[in-house]
Structures are given as C-alpha cells and as structure tokens.
Protein chains: 2
Amino acid sequence: MPENTVTRELAGKGLSPAGIRHTGMKVRHMKKESTKETYTISALAEEFDISTRSIRFYEEKNLISPQRTDGNQRFYTRRDRARLKLILRGKRFGYSLEEIAEIIGMTDIDIDEEGQITKALKFGKKRLDELRERIHELTLLEQDLTTFQDKIQNRLEELNKSKS
Amino acid sequence: MPENTVTRELAGKGLSPAGIRHTGMKVRHMKKESTKETYTISALAEEFDISTRSIRFYEEKNLISPQRTDGNQRFYTRRDRARLKLILRGKRFGYSLEEIAEIIGMTDIDIDEEGQITKALKFGKKRLDELRERIHELTLLEQDLTTFQDKIQNRLEELNKSKS
DNA sequence: CTTATAGTTAACGTTAACGTGAATTATATT
DNA sequence: AATATAATTCACGTTAACGTTAACTATAAG
C-alpha cells in the first residue's frame, strides 16, 4: 500500500497575474482586501489533503472548471474552492464521482424553463429523502456504537475493581 | 456501464439440511417457530439487491463467515444477515471494505484483556467522533438542499403566475 | 430417475479513481 | 541571470470491488 506519497509538487508562493494567490505561504504585497482571491492547485491540495492529481482528475470529469493564467496555469476562485469541498463531502458519503457530477449538474440548471425546474425539483426531492434516511441510519449507528462503548467501559471498570 | 446484470443464480426453494432456508419462496414444512432460520446466499443477495459474488467476496475478505451444509453449501444465520447489513451500511457511508473489516473486528475483541479493551475504547471514540461530524455535515447538507428546493419551488410558482 | 435450478471453486476481465514518472514550461528566489 | 520550485501534459501502472465465464456438484420438482 503506497501511503499517499507527499506530492513533490508542494506549496507555491507569492503573487499571481490574476489576483492574490493562496499558496499556504505568506502573501507578499496584499494591495487591497479584494474578494478576488484565487488559489493555486497545490494550495487547495494541501488544504484538503489530497493530491494535485486528484484535483486535475476531477476537472477531467467536469466536476470543476478553473480558469488559467497567461502562463496556462490553473487558478481557483472561492467558488471553485466551495465546489471542491462539495465534491469531497460527497465522496465521504460514498457517492461516486459520477453521482456527484449529477448532483452538481442540478445546481446549473436553466432556471427559466419549467421543465428543467420540475425535473430538478423531483431530483432534489429524491436526494433529500435519501439524505434523511442516511441521517436516520447514522443516528442508529451512533446509538449502537455508544451502547457498545458503554458496555466495554463497564467491563474495563469491573476488571480494575477486581484488581484492587 | 454494465447494469448490474440480474444474476443467473436466483431464488432457491424449500428446506435445507440445516434448518429452514429462506429462499424467497414459501417454506414447505415448518416444524416449529424455531429461531434457527437460515438463509441461502441467493436469498440474501435478492433481499439486499447485491450479487452472490459480492457476498462471497465479503467472505474472502473475512467480513462474514457463514457455515456450510453437508453438501458444502453456505448458509447464513440471522446474525450473519445482520452483519451483512452492517457491511452494506458501511459501504453506503463511503467506508472501504478494509475499514469495515476493522470496525467489525472491534466487536470481536477479547473482552477479558485490559489492553484490548482500552484499545477498543479509543478506536470507538474516534469512530464516534467521525460519525457525529458526519451527521453534522449531513444535516448541513440537508438544510442547503432544502433551501435550494424552496428557491426553485418559488421560481416555478412565479413562472406559473406570470402565465395566467 | 431425470432434469432444471442453485451453489461451488478458480481464474481472468473490468471499471473507477487515482499514483507515478518523464519531459517541458512557468514562477519565484537569490 | 542562474537556480530552485511549481505547474502542465501525456501516458502507463495500480488497487479495490466486484463481473463474467467455465466446469462441476448439490438440491428440488415432476
């Protein structure tokens, strides 16, 4: 098992042609509290503890679409960052990238076409139902684990009692 | 994408050497309301909508250990069935089979060794924390989705108003 | 007893989701 | 300007989690 080798592409530094770059290191010359902060790929990779390869892979799958600098390098906006967060959250819940793409796609619907809207509504309803069931299941699991914890905790105390 | 081809190994029928077999078809000669009901592999496969291959695969990975009949066929107890449920639940939450094995393994600890118990306690605590964070995240996601639903619902009503 | 169905092992195939270089270009630091 | 980092585009490799025959045995139904 290759243990997530620390990518040789690590933190970048400093400014960018397209705004303030967040690279994990101090910014040099922050002109203004602009809202146009952007992130390099390795900054995001480090923040979310994934590889840059993964981020590019998500792009291949059209889950995210960063812009490029003059020098053809990707940069990510706050919105891109939020989307990446969503992707990773979806993964943690066991969704495949394909499913995640479908979910994300729903947020990009044409809000002026009735057909699209009703479709999105139905889709969202289905997802919501699933979600609520998952929350329920998780809560059950939590209770199970908690009682299990209590049980072995008691067992431990008993063991210590019998020792003294 | 191969669409989960309906396995050619489907519902079995009737009795078994080792008790009442649940095969999806009616039982022939139920002697007693015994608690020793068992299930065939295909019965479980059908119930949980997975392939028999998957179940055998989980066995290869030591996630489940059914007994065998004289004729070398697997049969599953209620306890096995519960475990399978657990496995599938774990999968739905994005755990790998390896992680699930680790979690399941914790329920099989030697309850008389202090070291084992404290280890299990720590492990369980970590899992519980993760779980609670997940529940929290899911709840957030639910709220997001709900407001999104409301939004497009409103948009739809507006569209219909302007039509009349 | 015959004949469908089910179930078994073994082995190779497949797909998603990246990992891992290699060669090249862009930025940043001194 | 020189040098060290980062980033980019292929392209092939890897791993988990099964899918898919194939060849054979066990059970159930008529």
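In this text the structure is predicted, and so the values were computed from the model without any measurement. Order of the sequence lines fixes the chain letters, A, B, ..., with proteins taken first and strands second; residue numbering starts at 1 for each chain.
Ranking dC18(D), dC18(C), dT27(D) by closeness to the T69(B) side chain, first place goes to dT27(D). Distance from the side chain of I41(A) is smallest to dA7(D) among dC18(D), dA7(D), dG19(C). Nearest to the side chain of K91(B), among dC18(D), dT8(C), dA26(C), sits dC18(D). Of the candidate nucleotides dT27(D), dA17(C), dA17(D), dA17(D) has the atom nearest to the side chain of S96(B).
At dA17(D), none of the side-chain N or O atoms of Y58(B) fall inside 4.0 Å of OP1 or OP2 (strictly under the cut-off). Close to dA6(D), at under 4.0 Å from its OP1 or OP2, lies no side-chain N or O of T40(A). Residue S42(A) places no side-chain N or O under 4.0 Å from the OP1 or OP2 atom of dA6(D).
Under the rule for a side chain to side chain donor-acceptor pair (under 3.5 Å), the partners of R127(B) that lie at least two apart in sequence or sit in another chain are E130(B). Residues passing the salt bridge (Lys or Arg N to Asp or Glu O under 4.0 Å) test with E157(A), sequence neighbours excluded: none. R81(B) meets the salt bridge (Lys or Arg N to Asp or Glu O under 4.0 Å) test with E47(B); sequence neighbours excluded. In this view, E133(B) satisfies the side chain to side chain donor-acceptor pair (under 3.5 Å) rule with no residue, not counting sequence neighbours.
For residues 114-125 of chain A, the set of pairs meeting the side-chain hydrogen bond (donor to acceptor under 3.5 Å, both in side chains) definition, not counting sequence neighbours, comprises E114(A)-K163(B). The side-chain hydrogen bond (donor to acceptor under 3.5 Å, both in side chains) pairs that include a residue from residues 142-151 of chain B are R132(A)-E142(B), where partners are two or more places apart or lie in different chains.
For the pair L84(B) CG and dC18(D) C1', the computed distance is 15 Å after rounding to whole Å. We find that CD of E59(A) is positioned 15 Å from P of dC18(C), with the value rounded to whole Å.
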Produce the list of close N/O pairs, under 3.5 Å, pairing protein atoms with atoms of nucleotides 9-13 of chain D; give distances to one decimal.
unit_1	atom_1	unit_2	atom_2	d
dT9(D)	OP1	R68(A)	NH1	3.3
dT9(D)	OP1	R68(A)	NH2	3.1
dT9(D)	OP2	R74(A)	NH2	2.1

Distance-only criterion, 3.5 Å: show the donor-acceptor pairs between side-chain atoms of residues 86-95 of chain A and protein atoms not counting sequence neighbours.
unit_1	atom_1	unit_2	atom_2	d
R89(A)	NE	E137(B)	OE2	2.9
R92(A)	NH1	E137(B)	OE1	2.8
R92(A)	NH1	E137(B)	OE2	2.7

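Taking the screw axis at each terminus of the helix from dC1(C)-dG30(D) to dT30(C)-dA1(D) from five consecutive base pairs, the angle between the two is 30° to within rounding of 10 degrees.
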